[in-house]
Amino acid sequence: MDFHRNPSTNSPSSSSSSSTAHHQPPPSTAATDNDPMHSWWESVSKQRSRILSLAALLPSGGSTVSSLADSDRPAVSLISSPSAYSLISSALSSPTSGSGSDLLCQWLYETFQSSDPHLRLLVLSFLPLLSGIYLSRIHSSDSSSLTSLAGFEAVLLAVYSSEAKSRAGKPLLVQIPDLSQPSLYHTPRNKPVDDRSRNSVGVLSPPLEPHLAVKSTKRAIIVGTALDCYYKQVSQMPAWSKLDFCKFAAAWAGQDCPCRTKFDRDDDDHRENGNGNSNGYVHISREDSGFSNGARSRDHDEEDYEDDVIKEVVVVEMNNLGINGDAENLEIKSVRIPLPWELLRPVVTILGHCLFGPSNSQDVKDSASIAIRCLYARASHDLAPQAILALQSLIRLDKSARAAATSSTTNATSNANTPRKAKKPEILLVSK
């Protein structure tokens, strides 16, 4: 039997080195967690895995979605892809979507549970579409024969639970300024009184309770809280997500009131008679639109006549505001839904960003401008004072912003067309 002796066994140094190699401690996990490259690659791997699983659910356009997984920022690429948005929105809008067995809703639910912020942002970007379809179906006329919408509700509950956890059982508060105290912007007429008890605090949202199901009495607060979570990231949302939100906000208000143009008049314009006013806005009276004293004209078919009136009013409204568009693009399936303040408050807040966000496109601003007028008409009929004050403020600010933009454009054009005298050539005097 042959024995092969290792010549290095008698060497102390080799023995110690071998021992060190076998007992070397593993790399520190803290160092791995703090490595930005490792964190980035882990995030990209999660995003690619989720996007590939999404592509498997969209067989008609799975290749389009799966190609986005090869990007160095897969989630952002998916949010920015119009073709991917079209595929996902078509799947969410299908008549059979939203059930408890809907695989796309399950994908949205599981993706939102991820700790990756880009994946959560991806799910939130579809929240306006999902909540809009959900509320429209729930409150539709044939809701009695509606199938289960447990898939939509699971996603909404996931977003609601996340927001409730972040608030830690505390309400959303706002400090109401005391005008009797001086500030950077004003000095009170009367001598200020140092009374700390006068500091008032407003409650925007009460503490959130945990919910395991969407009940009819809690539906508004659950959807409204989910929209609060959407508003936190609204500056990062793509234009199509904001356009979806504005479209559904206008539809929720109901399109059965053709008197929205009257809300573009200033307070002084209410004293004027006729169809014109000092601001150049066209006023369509209730008699002209077929609504006199709350009774609809019956000279024509009621439904067709009302649709024509609504379309005419919206087109006039858009022309007054300088909004580009045509009547064919205004076809929105309107489903009037209950709008309690718990739901309307975040809606108005998001519309405010859509109106005045500096990075928003003109299409988003125009859609938000129409939506706030629809909601203002609805709030006026519902006699909701909080909504009336908030929406009226947005309408006036919108009018001021558009007037200022028109004025600056006119001034720039007039200055460009104004002839200017040619400057005399400069003569330099040089001493000899």
Side-chain angles (χ1 to χ4, degrees), residues 128 131-132 135 139 172 174 176 202-205 220-221 223-225 227-228 230-231 234 242-270 277 279 281-284 286 289 291 310 313-314 316-318 320-323 330 332 334-357 360 362-404:
S131 59
L135 291 176
H139 297 287
L172 284 183
V174 58
I176 301 177
V203 179
L204 288 180
S205 178
I221 186 64
V223 178
T225 303
L227 292 178
D228 275 330
Y230 175 86
Y231 175 71
V234 69
K242 299 175 185 179
L243 287 172
D244 277 343
F245 182 83
C246 296
K247 178 188 70 173
F248 280 108
W252 293 340
Q255 291 184 338
D256 56 353
C257 177
C259 57
R260 283 169 290 178
T261 51
K262 72 176 183 179
F263 305 128
D264 275 316
R265 296 178 298 168
D266 293 330
D267 296 336
D268 294 337
D269 296 330
H270 287 282
N277 56 42
N279 288 336
Y281 288 96
V282 178
H283 171 57
I284 298 179
R286 296 181 69 86
S289 59
F291 284 74
I310 292 171
V313 171
V314 174
V316 172
E317 176 77 7
M318 295 176 68
N320 289 338
L321 296 172
I323 299 175
L330 298 174
I332 299 173
S334 174
V335 177
R336 182 185 176 96
I337 70 170
L339 290 175
W341 185 242
E342 295 84 0
L343 176 59
L344 190 55
R345 178 191 58 79
V347 170
V348 174
T349 305
I350 296 173
L351 287 177
H353 168 83
C354 294
L355 270 177
F356 306 112
N360 291 335
Q362 192 61 39
D363 291 340
V364 173
K365 295 180 180 180
D366 294 345
S367 298
S369 180
I370 295 176
I372 61 173
R373 284 160 174 79
C374 295
L375 291 172
Y376 189 95
R378 168 68 182 275
S380 299
H381 288 290
D382 291 348
L383 299 179
Q386 290 176 307
I388 290 174
L389 290 174
L391 291 165
Q392 189 178 45
S393 299
L394 289 179
I395 291 175
R396 289 179 175 176
L397 289 173
D398 181 44
K399 288 175 57 180
S400 300
R402 292 179 182 275

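Residue numbers start at 1 and run along the sequence shown.
- Evaluation of the side-chain contact (heavy atoms from CB on, under 4.5 Å) rule for L355 yields A368, S369, I372, L394, D398 as partners, not counting sequence neighbours.
- Minimum heavy-atom separation, A371 to L351: CB-CD2, 4.0 Å.
- Considering only residues two or more places apart in sequence or on other chains, L172 meets the side-chain contact (heavy atoms from CB on, under 4.5 Å) condition with R167, L204, S205.
- Using a 4.5 Å cut-off on side-chain heavy atoms (C-beta onward), F245 and V234 make no contact.
- Of the inter-residue distances, the one linking I350 atom CD1 with Y230 atom OH reads 6.5 Å to the nearest 0.5 angstrom.
- Of the possible donor and acceptor atoms, none in the side chain of R336 sits under 3.5 Å from a partner among the backbone N and O of R378.
- Nearest heavy-atom pair across S131 and L227 is OG-CD2, 4.3 Å.
- Residues N360 and K365 approach most closely at O-CE, 3.7 Å, considering heavy atoms.
- In this structure, the separation between CG on L375 and CG on L391 is 5.5 Å, given to the nearest 0.5 Å.
- Contact record, P128 with F248: O-CD1, 3.9 Å, taken as the closest heavy-atom pair.
- Sorted by first and then second residue, the side chain to side chain donor-acceptor pair (under 3.5 Å) pairs with a member in residues 338-353 read D228-R345, K242-H353; sequence neighbours excluded.
- Closest of all the heavy-atom pairs between L243 and S367 is CD2-OG, 3.4 Å.
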Worked check of side chain to side chain contact (heavy atoms under 4.5 Å, CB included) between V347 and L339:
CA-CA 10 Å; V347 170; L339 290 175; 5.8 Å; no
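- Residues Y376 and I388 share a closest heavy-atom pair of CE1-O, 3.4 Å.
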